[in-house]
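Scroll down for the structure; my scribbles are underneath it.
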Amino acid sequence: MRSKLKSIGENGSLVFNHNMKITQLGKSGRIEEAIKVFKQMTNRNTVTWNSMISVYAKNSRISDARRLFDRMPLKNLVSWNTMISGYLHNDKVQEAYELFVRMPERDLFSWNLMITCYTRNGQLENARSLFVQLPDKGNPVCWNSMIAGYTKNQRLEEARRLFDAMPVKDLVSWNSILAGYTQNEEMGLGLKFFNDMVERDVVSWNLMVDGFVRVGDLDSALHFFQRIPNPNVISWVTMLSGYAKNGQITKARVLFDQMPERNVVSWNAMIAAYVQNCQLDEAIRVFTEMPERNSVSWTTMINGYVRIGKLDEARDLLNMMPYKNVAAQTAMIFGYIQCMRMDEAREIFDQISSRDVVCWNTMIAGYAQSKRMDEANRLFKQMLKKDFVSWNTMIAGYAQEGKMDKALRLFEEMMERNVVSWNSLIAGFTQNGLYMDALRHFFFMGKEGKKPDQSTFACGLSACANLAALQVGKQFHHLVVKSGYGNDLFVVNALITMYAKCGRISSADQVFKDTDAVDIVSWNSLIAGYALNGYGKEAIQLFQEMEKNGVHPDLVTFVGVLSACSHSGLIDQGLKLFKCMTEEYSIEPVAEHYACIVDLLGRAGKLEEAYQLVKGMPIKANAGTWGALLGACRIHKNLELGKFAAEKLFQFEPHKNSNYVLLSNIHAETGSWNEVEEVRMLMKERGVEKQPGCSWIEVKNQVHAFFSDDSAKPKTAAICKTLMTLTAEMRNRGYMPDIKSSLLDYR
DNA sequence: CTAGGGTTAG
């Protein structure tokens, strides 16, 4: 009897030990070893099965977990909860709910797992309705899950309302609200809340340190870190990575050396710190030194090599990695995409069995960047779970291809849109010259309650610039200041360009002067603005001022300053600057520079020289270059060279109406009417359509566009009548429109 | 063996 009991006891402790071993192996990702232990066990108990289910689930092998769950001999409540937890960790909301409904009895774990499952997948309304049904409201755990769900979705007010209504709050409740503030960069509110807390633990302190790191206030972060009564590994790692993110690698290393205890995360953080600062030699040294590595260690190293373009090293590491995971494989895919090695990227992608949304998005983005939208779309359609990034990548991809109809259709199919969705669409319209659509959607965005960010403003301003819509542009300016983007350089530079293109160079200048720290793009924008408005000398002065300020001009600067010379007829200056650009600044001229110089020489009557320059260009001439030459030929009525330039130009832009008009005008002005007819035939042959004449005016801060064939537009008749009255009035006052060119402009 | 707040990679 005694020995029998002893043997059961020994067996029991053996099972217990094996169960522990399975869990432990699962936690370090050594799933194959865990399976081996499980299979070798002769007497498994329910906990054994539950442990193995959990191990499978946490290593993204959810179908294996389910197979075990269905096969196990005796399920208890924990088995059901474990399986639901598995679905929670694998974002399978539907499957979790099916089990939740079917299970014989539920405890607080079951309820909380299901609620968390909903909140983690953004289904807050479903979570809420479960929470309402929850039988036991006395326990704070489900309340806390709801609060975290709301804060993670930026719904701080609703979180706060729940918090205030809680019958019993524990420290986690307090910390959840605090996390809402610190993680959403509301450090003013966060600090106040922290000070009001009657009790704090190390998590509260860590949240404060993390919050200050997020807003870039490292001094405050350090101040709080030093005041933590009992800092733990997480406190140290948070501070360390705070330094790393801000490029203070030395301080990060000092912290690492001072750490009283290190776990694998501390080592990983140090690797990440070196990777962020592109010190791969140091990173690999830490990687080699560390006592044990996990998948994050490997992924960080692979990503580090990818970042500096050392793909072979990255691939070697991936091959050496004992348990490859999606993140590491995705990092490798990303690397191949960056180097345009799409086939190798796809090969890895196809090998991955459990792809996550990041992996899919990376591959789709690769195809979008390579302008292979059909392949991107094929993958997009195969995706079961899409996030904002998936949709936004597709929208931006279509926009980049100029297929705004497809971009818009996807945008409208989206259930919910974020700022990036709006920005992708609006930027697409702007880049494709559909400025009115860009502005329209900017205002739709406001109606949907989405706040524009710096990128939205930059795109909107660019649309205003191209429409010369000064009044709307000014409104944008006010909105920009009100929204706190007045010092964002993308916005500032767009403002400069907007004012310049609207002919308000003094306003552009004012914006430039009012900005604390301008960059080279600001200088370039202002110089180009002066050039555009015919202020050649001022543009050159600004260029010299820029040099005095120690800002090195780039090729864009010279496009601006050279076009200033060509617009203002500063021929010698322009040629001198061109020489200076190549010789002193060693900037290789691009086609835009040549176009300016051709224009300059043309205006000076040096047509032959201009032609020789184009012929001698080391790079391929573009439409702008030939266009400049053609324009010069028109001024000097040089038919021979004009015809030649036009032929070249037609190769680039065979369907651009204005090129044909220009050539036709040369013929007409030299009296060659037969050739005028020939050009007309050529256009017909090539199917060149007259681009509808387009004009727009701003009335009461709204832009109204008119097209010459736009008779369908309501009120067009009325507008035309008014215009005729205006024209008559102008004529009465002695204005004679120049209709010479219009006569040649056949329809 | 299952749940709520804080760290490292994507």
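Numbered from 1 within each chain, the chains take letters A, B, ... in sequence-line order. What you see is a predicted model, and the numbers here were worked out from it, not measured in a lab.
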Does the ring center of A/Phe163 lie less than 6.0 Å from the ring center of A/Trp143?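 Distance test on ring centres: not under 6.0 Å, no.
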When you measure from every atom of DNA chain B, which of [range] have a heavy atom less than 4.0 Å away?
| range | result |
| --- | --- |
| residues 112-120 of chain A | A/Asn112, A/Leu113, A/Thr116, A/Arg120 |
| residues 165-172 of chain A | A/Asp170, A/Val172 |
| residues 85-98 of chain A | A/Ser85, A/His89 |
| residues 242-262 of chain A | A/Lys245 |
| residues 283-300 of chain A | A/Val296, A/Thr299, A/Thr300 |

Quick check: do A/Asn81 and A/Met103 have side-chain heavy atoms less than 4.5 Å from each other?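 Heavy-atom side-chain distance check passes, below 4.5 Å.
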Kindly list each side-chain donor-acceptor pair under 3.5 angstrom involving residues 328-337 of chain A, sequence neighbours excluded, with atom names and distances?
from, atom 1, to, atom 2, distance (Å)
A/Thr330, OG1, A/Val326, O, 2.6
A/Tyr336, OH, A/Arg315, NH1, 3.0

Please list, chain by chain and in numerical order, all residues satisfying ring-ring contact (aromatic ring centres under 6.0 Å, His included) with A/Tyr181, sequence neighbours excluded.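 If we apply the ring-ring contact (aromatic ring centres under 6.0 Å, His included) test to A/Tyr181, skipping adjacent residues, the hits are A/Phe193.
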All N/O donor-acceptor pairs, side-chain side in residues 133-142 of chain A, below 3.5 Å, sequence neighbours left out:
from, atom 1, to, atom 2, distance (Å)
A/Gln133, NE2, A/Ser129, O, 3.3
A/Asp136, OD1, A/Gly138, N, 2.9
A/Lys137, NZ, A/Phe131, O, 3.0
A/Lys137, NZ, A/Val132, O, 3.0
A/Lys137, NZ, A/Leu134, O, 3.0
A/Asn139, OD1, A/Val141, N, 2.8

Kindly list each side-chain donor-acceptor pair under 3.5 angstrom involving residues 276-287 of chain A, sequence neighbours excluded, with atom names and distances?
from, atom 1, to, atom 2, distance (Å)
A/Asn277, ND2, A/Ala273, O, 2.9

Is there a donor in the side chain of A/Tyr274 and an acceptor in the side chain of A/Arg253, or the other way round, less than 3.5 Å apart?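 Per modelled atom types, A/Tyr274 and A/Arg253 side chains form a pair under 3.5 Å.
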Any side-chain donor near an acceptor of the partner, A/Thr82 and A/Asn50, under 3.5 Å: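 No pair is found: no donor N or O on one side chain lies under 3.5 Å from an acceptor on the other.
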Has the side chain of A/Asp356 got a donor or acceptor atom sitting under 3.5 Å from an opposite partner on the base of B/dG10?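 Answer is yes: a donor-acceptor pair is held.
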State whether the distance check finds a donor on one side and an acceptor on the other, under 3.5 Å, for side chain A/Asp201 versus base B/dG6.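 In this structure, the two groups form no donor-acceptor pair.
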Once you apply a heavy-atom cut-off of 4.0 Å, does [X] come out as touching a base, just sugar-phosphate, or nothing?
| X | result |
| --- | --- |
| A/Ala331 | nothing |
| A/Gln276 | sugar-phosphate |
| A/Val275 | nothing |

By the salt bridge (charged side-chain N to carboxylate O under 4.0 Å, His left out) test, which pairs, at least two apart or in different chains, include something from residues 140-160 of chain A?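 Sorted pair list: A/Glu125-A/Arg155, A/Arg155-A/Glu158, A/Arg160-A/Asp164.
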Side chain of [X] only, please: which of [options] is the nearest?
| X | options | value |
| --- | --- | --- |
| A/Gln183 | B/dT7, B/dG6, B/dC1 | B/dG6 |
| A/Val47 | B/dC1, B/dG10, B/dT8 | B/dC1 |
| A/Ser54 | B/dC1, B/dG6, B/dG10 | B/dC1 |
| A/Thr23 | B/dT8, B/dA9, B/dC1 | B/dC1 |

Just list the side-chain donor-acceptor pairs under 3.5 Å for residues 260-270 of chain A, sequence neighbours left out, or say none.
from, atom 1, to, atom 2, distance (Å)
A/Arg262, NE, A/Phe256, O, 3.2
A/Arg262, NH2, A/Phe256, O, 3.1
A/Asn263, OD1, A/Val265, N, 3.1
A/Asn263, OD1, A/Ser266, N, 2.9
A/Asn263, OD1, A/Ser266, OG, 2.7
A/Ser266, OG, A/Asn263, N, 2.9
A/Ser266, OG, A/Asn263, O, 3.2
A/Asn268, OD1, A/Ser297, OG, 2.8
A/Asn268, ND2, A/Val264, O, 3.4
A/Asn268, ND2, A/Asn294, OD1, 3.1

Would you say a side-chain N or O of A/Lys58 is under 4.0 Å from OP1 or OP2 of B/dT2?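 Affirmative; the distance criterion is met.
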ring-ring contact (aromatic ring centres under 6.0 Å, His included) partners of residues 27-58 of chain A, not counting sequence neighbours, each pair once: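 The answer is A/Phe38-A/Trp49.
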